[in-house]
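As the structure is a prediction and not an experimental result, all values here were calculated from the model. Note on naming: letters A, B, ... go to the chains in the order of the sequence lines (proteins, then strands), and numbering restarts at 1 for each one.
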Number of protein chains: 2
Amino acid sequence: MTDKPYHHGDLRHALLTAAEAELAAHGIEAFSLRQVAKRAGVSHAAPAHHFGDANGLLTALAAEGFRQFLASQATREAQAAPEPRAQLIAAGLGYVDFALSRPTLFKLLFGSARPDYADPDLYREAFAAYRHLADQVHAAGGGSQVDVAAVWAIAHGMADLLAAGRLREIAALPPAARDAAIVDIIGRALP
Amino acid sequence: MTDKPYHHGDLRHALLTAAEAELAAHGIEAFSLRQVAKRAGVSHAAPAHHFGDANGLLTALAAEGFRQFLASQATREAQAAPEPRAQLIAAGLGYVDFALSRPTLFKLLFGSARPDYADPDLYREAFAAYRHLADQVHAAGGGSQVDVAAVWAIAHGMADLLAAGRLREIAALPPAARDAAIVDIIGRALP
DNA sequence: ATCCTATCTTGTCGGTGTCAGGATAAGATA
DNA sequence: TATCTTATCCTGACACCGACAAGATAGGAT
């Protein structure tokens with residue numbers, strides 16, 4: 001039993017992990033900085049040194065979330081055919097996967113005003129996610145801003161509604177049928 | 001100058017109005033029951049009698065929000081051709097109109113865990129909104145749950161992204177061009 | 001005229017974010 | 001090795017918040 005050392009060692013990382021767990025457990029609207037500190041076994045004011053304030057922690061967590069968001073898309077893309085359109089559809093599936101496997105983190109990224117997008121790290125990651133989508137749409141033959149908006153809207157709409165517990169009929173399908181429905185729907189955005 | 005009477009007269013309505021104003025001013029994540037009470041010129045505990053707790057107030061506000069949501073769609077439908085498909089597209093435009101004109105209220109309806117959907121009034125209004133959409137999809141020739149999901153997802157995705165300040169290129173278009181883009185996009189959901 | 005009930009206020013409690021100041025430890029310098 | 005500097009973490013305090021309890025006031029029924 002090591003008495004807890006005064007210095008944690010990797011508190012920043014531990015706080016991010018604790019914050020994500022708290023978020024998943026109690027939802028973003030009940031997020032509490034003191035509960036995060038308690039979960040990490042540290043005093044209530046310890047997070048301030050690493051993140052400034054509560055929004056700073058959520059901003060850092062959102063940046064990390066965008067990295068996981070792109071990784072979720074990459075996983076699906078690696079399993080799909082290399083043609084641009086198949087890759088685009090796969091990215092859409094990864095979009096939905098992320099929203100369903102980490103719903104509160106998804107809401108932090110897309111439905112919360114607390115992350116500060118003036119933060120360079122977060123801005124860069126969010127922009128990278130947008131760029132990835134736009135590149136795929138262009139590669140798949142979409143030429144206009146309207147095409148990008150259509151694909152983004154339909155993927156985001158599916159993800160957001162499913163993460164919010166709506167569209168129960170779709171969510172309740174067996175995985176293969178569910179994926180097929182999502183593929184069908186996303187494909188409509190680029191006729 | 002009438003000294004404020006001990007009894008307000010229509011405090012319930014005044015609190016809902018004040019709550020919507022507070023929501024629009026400071027966002028849902030900074031929502032404060034005491035600020036709502038102060039805005040209505042009433043003590044901090046006065047809302048409890050009418051709404052129980054803060055979530056009760058937000059639940060009542062969400063129910064009212066769904067009525068406005070359907071009204072926003074009805075406005076667009078009244079200006080559109082009577083064919084089912086035109087009516088469906090018009091409803092989609094009204095969906096987006098609502099999200100852009102009342103973004104925080106929109107987030108309360110579709111992106112918040114605070115309203116309690118076990119409340120009969122809120123459940124009824126939310127279900128009416130869903131039913132309206134499903135009926136229109138069926139009237140326009142959509143036969144499956146997937147068709148309903150596709151239309152809902154694309155309209156909701158456009159609305160949510162625009163309300164969150166994303167899709168700036170679309171939001172920045174002049175009204176007529178913006179509407180045309182939205183019509184184009186929504187139409188893709190039902191080929 | 002009286003009682004009953006709905007309405008609203010005041011006061012209090014535990015919890016929260018943020019700030020100020022102090023304690024501790026790690027690393028650099030000598 | 002001894003001291004200085006800096007990063008890290010803690011304690012304590014303040015104002016604000018949601019919720020609850022108890023009391024004050026007024027409207028309406030009897």
Side-chain angles (χ1 to χ4, degrees), chain A residues 2-62 104 108 112-116 118-119, chain B residues 2-62 104 108 112-116 118-119:
Chain A
T2 65
D3 301 78
K4 291 177 183 175
Y6 196 93
H7 283 56
H8 183 282
D10 193 10
L11 182 57
R12 185 188 161 89
H13 177 71
L15 286 171
L16 286 172
T17 301
E20 185 175 355
E22 276 293 314
L23 226 51
H26 306 300
I28 186 171
E29 283 158 327
F31 178 81
S32 157
L33 197 58
R34 287 167 108 107
Q35 285 295 322
V36 170
K38 182 174 293 184
R39 183 184 281 261
V42 101
S43 86
H44 66 263
H49 178 73
H50 294 277
F51 301 103
D53 55 11
N55 285 353
L57 202 175
L58 292 172
T59 297
L61 188 59
T104 53
L108 178 68
S112 171
R114 302 194 65 173
D116 176 16
D119 176 79
Chain B
T2 65
D3 301 79
K4 291 177 182 175
Y6 197 94
H7 284 58
H8 183 283
D10 193 10
L11 182 55
R12 186 188 160 88
H13 177 71
L15 286 171
L16 286 172
T17 301
E20 186 176 353
E22 277 292 314
L23 226 51
H26 306 300
I28 186 171
E29 283 158 326
F31 178 81
S32 157
L33 198 58
R34 287 167 109 108
Q35 284 296 323
V36 170
K38 181 174 294 186
R39 184 183 281 263
V42 101
S43 85
H44 65 262
H49 179 74
H50 294 277
F51 301 103
D53 55 12
N55 285 353
L57 202 174
L58 291 172
T59 297
L61 187 59
T104 54
L108 178 68
S112 172
R114 302 194 64 172
D116 176 16
D119 175 79

Considering all heavy atoms, the nearest [X]-[Y] contact:
{"X": "A:A40", "Y": "A:L15", "value": "CB-CD2, 3.9 Å"}
{"X": "A:L57", "Y": "A:A19", "value": "CD2-CB, 3.5 Å"}
{"X": "B:L23", "Y": "B:L108", "value": "CD2-CD2, 4.1 Å"}
{"X": "B:L11", "Y": "B:A46", "value": "CD2-CB, 4.0 Å"}
{"X": "A:S43", "Y": "A:A37", "value": "O-CB, 3.3 Å"}

Identify whether any heavy atom of B:A45 sits under 4.0 Å from a base atom; if not, whether one sits that close to sugar-phosphate; answer base, sugar-phosphate or nothing.
-> base

Spacing of [X] atom [atom1] relative to [N] atom [atom2], expressed in whole Å:
{"X": "A:E22", "N": "C:dT16", "atom1": "CD", "atom2": "C1'", "result": "13 Å"}
{"X": "A:K38", "N": "D:dC10", "atom1": "NZ", "atom2": "C1'", "result": "15 Å"}
{"X": "B:R12", "N": "C:dT7", "atom1": "CZ", "atom2": "P", "result": "10 Å"}
{"X": "B:L15", "N": "C:dT7", "atom1": "CG", "atom2": "C1'", "result": "12 Å"}

Could you note down all residue pairs passing salt bridge (Lys or Arg N to Asp or Glu O under 4.0 Å) where residues 22-44 of chain A supplies at least one of them, sequence neighbours left out?
-> A:E22-A:R39

Out of D:dA21, D:dC10, D:dA13, whichever nucleotide has its closest atom nearest the side chain of A:H44 | D:dA13

Would you say the side chain of A:D116 lies within less than 4.5 Å of the side chain of A:N55, judging by non-hydrogen atoms?
-> no

Got a sec? Which of residues 49-61 of chain B come in under 4.0 Å of DNA chain D, heavy atoms?
-> B:D53, B:A54

So, with a heavy-atom separation below 4.0 Å from DNA chain D, the residues of residues 24-34 of chain B are B:F31, B:S32, B:L33, B:R34

For A:F51, which of A:L33, A:V36, A:L58, A:L16 qualifies under side-chain contact (heavy atoms from CB on, under 4.5 Å)?
-> A:L16

